[in-house]
Every structure is written in structure tokens, then in C-alpha cells.
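Accompanying notes for the structure given below.
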Amino acid sequence: MRGQFLAFDIQLTEKNSVKYGKVTKKELEFIRSIVGPERLSTGESILDLHSKDESFHPGRRPDVVVWPLSAEEISQILKLADEKRIPVTPWGAGTSLEGNPIPVEGGIVLDLQQMNHILELKTEDLQVRVEAGVIYKELNQYLSRYGLFFPPDPGASATIGGMVGNNASGIRTIKYGATKDFVLSMVVVLPSGKVIRVGTNAMKSSSGYDLCRLFVGSEGTLGVVTEITLRLIGLPAEFMAAVAQFVSIREATDTVFQIMRAGLSPAALEFLDAPTVQVVNQFKKLSMEETPTLFIEFHGTSAAGLKEELEIVKEICSENRPLRFDAGIGREERNRLWEARYGVHESIKVNNPGLSPLVIDTAVPISKYSDMVEWGQKIIEEKGLKGYAFGHAGNGNLHLEILGIPEEKAQWQKVQEAGEEIVHFAIECGGTATGEHGIGIGKRKFMKKEHGESLILMKQIKNLLDPNGIMNPGKIFE
Ligand SMILES: Cc1cc2nc3c(=O)[nH]c(=O)nc-3n(C[C@H](O)[C@H](O)[C@H](O)COP(=O)(O)OP(=O)(O)OC[C@H]3O[C@@H](n4cnc5c(N)ncnc54)[C@H](O)[C@@H]3O)c2cc1C
């Protein structure tokens, strides 16, 4: 056993397997007997819709798409799939950027979108219990009536189940945390069909292994999450926002480091490089200076407190020769100042028709952020490629979209080489290949370098929970 633990090439069950089973007429009949005739489809357009996420990774049709309504239905389907070794891939809204929900081995896609009920709001405990298919934007609209919110904000129209799957986060993570920091308990259907509850509704716990955290970020490879209890935050009373524009990248990114070092607690601290500001200007008909830019936001209980923080931020920015510093207090001012931060991905897409992005999502310790941005730009330039750098700078999270045409082999090879060099740099800085998008297909090759021997333990956990390798095969592990 000890020898096995140390063996790096421990095989996943799925790789040892002869072949996965297919969904034949007999299995379709069985699934139909569970969910009825309306909640499954083998129609071509439905299979196509569930063959691809938002990444460049090639799609693959599943054999069937099923829309379950309960853990019990999912349990029966998983029992069948486990027995016949049929792959099962959970599906939220399909907005992933790393091929995470692509059913690369076919089989059954379980689309959770009809499990979209807010089951219980406990305002006095600051908690909400939801089904996995609830869309987070809709959840926040509902919660705002009670002065509450669920802060992780992945931008796209994601489901809570999908956010749990990828441990999604976003612009407010710097102050409030990622999805994993809000999940208190969950109902999970294991590949065997067994339904378990993990976690409790206590705000803290030292009770045994943290199984909630094991399932959060597991990308549907360990089981299907059907119900989640989230802790909530009171909506901030006051907002302060600022936009600071600099001559050089180093001046912008050093400012990020200095704001964090000053002990301030921004609710968002975002970076856009000059080419990114340029495409956003074009797409949104704005007239920002096309230079490295920081978007800053603070939340507080009073305008007076925020004014003090604003003065400190202004002073820090002024030490780094800003070309422009614009700030305001209140929600309207915040929306005005932040207009250019939203729709970056769309702006890049629209301004570069015919090109696909390879999306980098590295995160590094905050002191290395400036080096990370400069390194990324250097690699892209050296390879004669086009790229855009932006990201959640306060968390050390950098997105680089490197553009190319996947079908043009030689050019795409360069794009991939650039991506690899950038990710290797991040890992060597003590960082990660993915701050928030997950491993999916695209980042599997970096797992060994990032995790070393811990990767063996991850594979053993996968084999223990999913001995037949049916859950979302081909993801996380090579
Ligand atoms: C324009 C754009 C901007 C984005 N910005 C961000 C960002 O700022 N931050 C960020 O974190 N992400 C971002 N993303 C990526 C994506 O939106 C998130 O990862 C999101 O959480 C995916 O949710 P989804 O519902 O679409 O899940 P899907 O893509 O459908 O699935 C995600 C993964 O979770 C699994 N899964 C889904 N539901 C369940 C379930 N019930 N049980 C178990 N496993 C499940 C799937 O199998 C898959 O592996 C962005 C995407 C786009 C297109």
C-alpha cells in the first residue's frame, strides 16, 4: 500500500477499464420509467447544446440528456450507470471555460436546470437552502429583497451547482471569499446511487474531515450535488469606487500590492491592460485612456468611513504617477466608474472575429503579480501572438486570453506553448494553474507539477468514491 501511495503513475479506474457502456434502447426505457417521457431527450439539437461549454475544446455529444427533478431520480439513474459503466456528466449552465462539463466519453448528461427552487431562506441565520440548478443572479435578485446576498460572482449566468463544481469566484472574492467559503452543507448523490449529506449548518466546525470542501471544486467527478445550504452576507450600505490609470503595467500592478499591504480591505481590485481597455472602448463606445487601468471598490457602513479609505487609496495611487484618478461614493457613481470592467470577454470576442481564445487563469502570491503580468506579455510578444491581460489583481488572479485559430495547427501550437510557459511560471512562483475556472480538460497537464505526490492521493480518493470511473471521466486527471 505504501509503495502504491508513492507510485506516481497510479491509474484511474477508468483508464484500466475495457470500455464504457453505451445508452441502448433498454437503458433509455429504464430512464424513461424514472423521469417520464418529457424529461429526457436524444434529439440532435439538444445533444449538440450539451456537447460544448464556452471553451475552444472540441465538443462531444452525449447519448442522452436527462433533466432530473430530485436526488431520488438521480440516485436511480446513477445506480444503473454504475452497474453498466455508463459515463455520467452533471451539467449546470455549460458556461465553463476549460471543457469541464463536456461529456468526452458520451453517456448520460444530467442537466440540473429544472432543479431550480429556492427551498428555504433563514434570514435570522443568514442562510439559504437551494437546489443545484438555481441561477446565482436570480438567487441574488431574490435575496436583495431581504437585504442579503451571495457574493461570489462568476460573471456568466452560472448555476449554484456549477459554481460548486468549479469552486467559482470573481471580482468580490478578495473581500468575501470564493464559493467554497459559503457552502455550509450539501446533499450529494454518490456514483453508487447512495444519497449523503455533507457538512452542517453551523458557521464553524472542527468535526472530522471537511467533506464539503472535498466536493466543492471536484467538477462533477465525485458525485452529483443536488442541494446546497449557503451562508449569506448583508448587502453593503455604502459603496466607494475608483478608477486609476497608469503609464506602465508595473505602476498599476505595484499599486495593487501597495493597497493590499496598507491593510485596506477592498471589495474588488481589478486590472485591465491597455489592449483590453482598447477593445472595451470599441465595444462599449467608451473613451477611457487606453493604458493599464485599475478598478477599485470598497464597501462600508458609512460614507464618512469610505471617504477616509478613498484618501489613502488616492495617496497610494499618486505615488505611482497615475495619468487619471477618478472616484466617487454611492451606487450610481460605482456603476458609472465600473462600466468598462464588465463585458471584457465579449469585447475581445467581438473585436476579433474568427479567433478563439486560450484562457489563462493563473493565480500567484500577491507580491509576484507584477512579474506574472509582465512575464505573460513578454511570452505573447516573443511568439508574435495577440493577447489581452486582465484579472482579479487583488487576489493575484490573472486572466490572459491568447488568440488563435485552433484548426490552424502551427499557429495554435504557438498559442498552447505560450499558455504552458505562462502557467509553468505561475506554478514556479508558488501559484496555481487555475484560480477559478477549474482544471477541466485544459489544465490537466499541470496537475503533477502543481500538486506533486498529493496528486496520487487525489486519484485514490477518486477511485474510492467512483471505483467504476463513471463520473465526468476525462476531467481533472490525464
Ligand atoms: C464570460 C464568462 C466569464 C466568466 N467569468 C468567470 C469568473 O469571473 N469567475 C469564475 O469562477 N468563473 C467564470 N467563468 C466560468 C464559469 O461561468 C464558472 O465556472 C461557473 O461556475 C460555471 O457554472 P455553470 O452552471 O455554467 O456550470 P457548468 O459549466 O455546467 O459545469 C461546471 C462543472 O461543474 C459540474 N457540475 C455542474 N453542476 C453540478 C452538480 N449539480 N453537481 C456536481 N457537479 C456539477 C460540471 O460537470 C462541470 O464539471 C466565466 C465564464 C464565461 C463564459
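These values consider heavy atoms only, across backbone and side chains, with no hydrogens, waters or symmetry-generated copies. Indexing begins at 1, ligand by ligand and atom by atom, following the structure's order.
- By the 30° and 60° cut-offs, the orientation of the rings of H437 relative to H399 is parallel.
- Of the charged side-chain nitrogens involved, at least one lies within less than 4.0 Å of a carboxylate oxygen, so that R172 and E297 count as a salt-bridged pair.
- The ring pair (Phe, Tyr, Trp, His ring centres under 6.0 Å) contacts involving residues 64-118 comprise H50-W91, where partners must be two or more places apart or lie in separate chains.
- Using bins of under 30°, 30° to 60° and over 60° for the plane-to-plane angle, the ring pair F150/F182 lands in the perpendicular bin.
- Sorted by first and then second residue, the side chain to side chain donor-acceptor pair (under 3.5 Å) pairs with a member in residues 132-141 read Y136-D153; sequence neighbours excluded.
- Protein residues lining ligand 1, listed by chain and number: E54, P90, W91, G92, A93, G94, T95, S96, L97, N100, P101, L112, A132, P154, A156, A158, T159, G161, G162, M163, G165, N166, A168, S169, E219, G220, G223, V224, V225, H345, H392, E436, H437, N472 [non-hydrogen atoms, distance under 4.0 Å].
- The side chain to side chain donor-acceptor pair (under 3.5 Å) check on R341 picks up E270, with sequence neighbours excluded.
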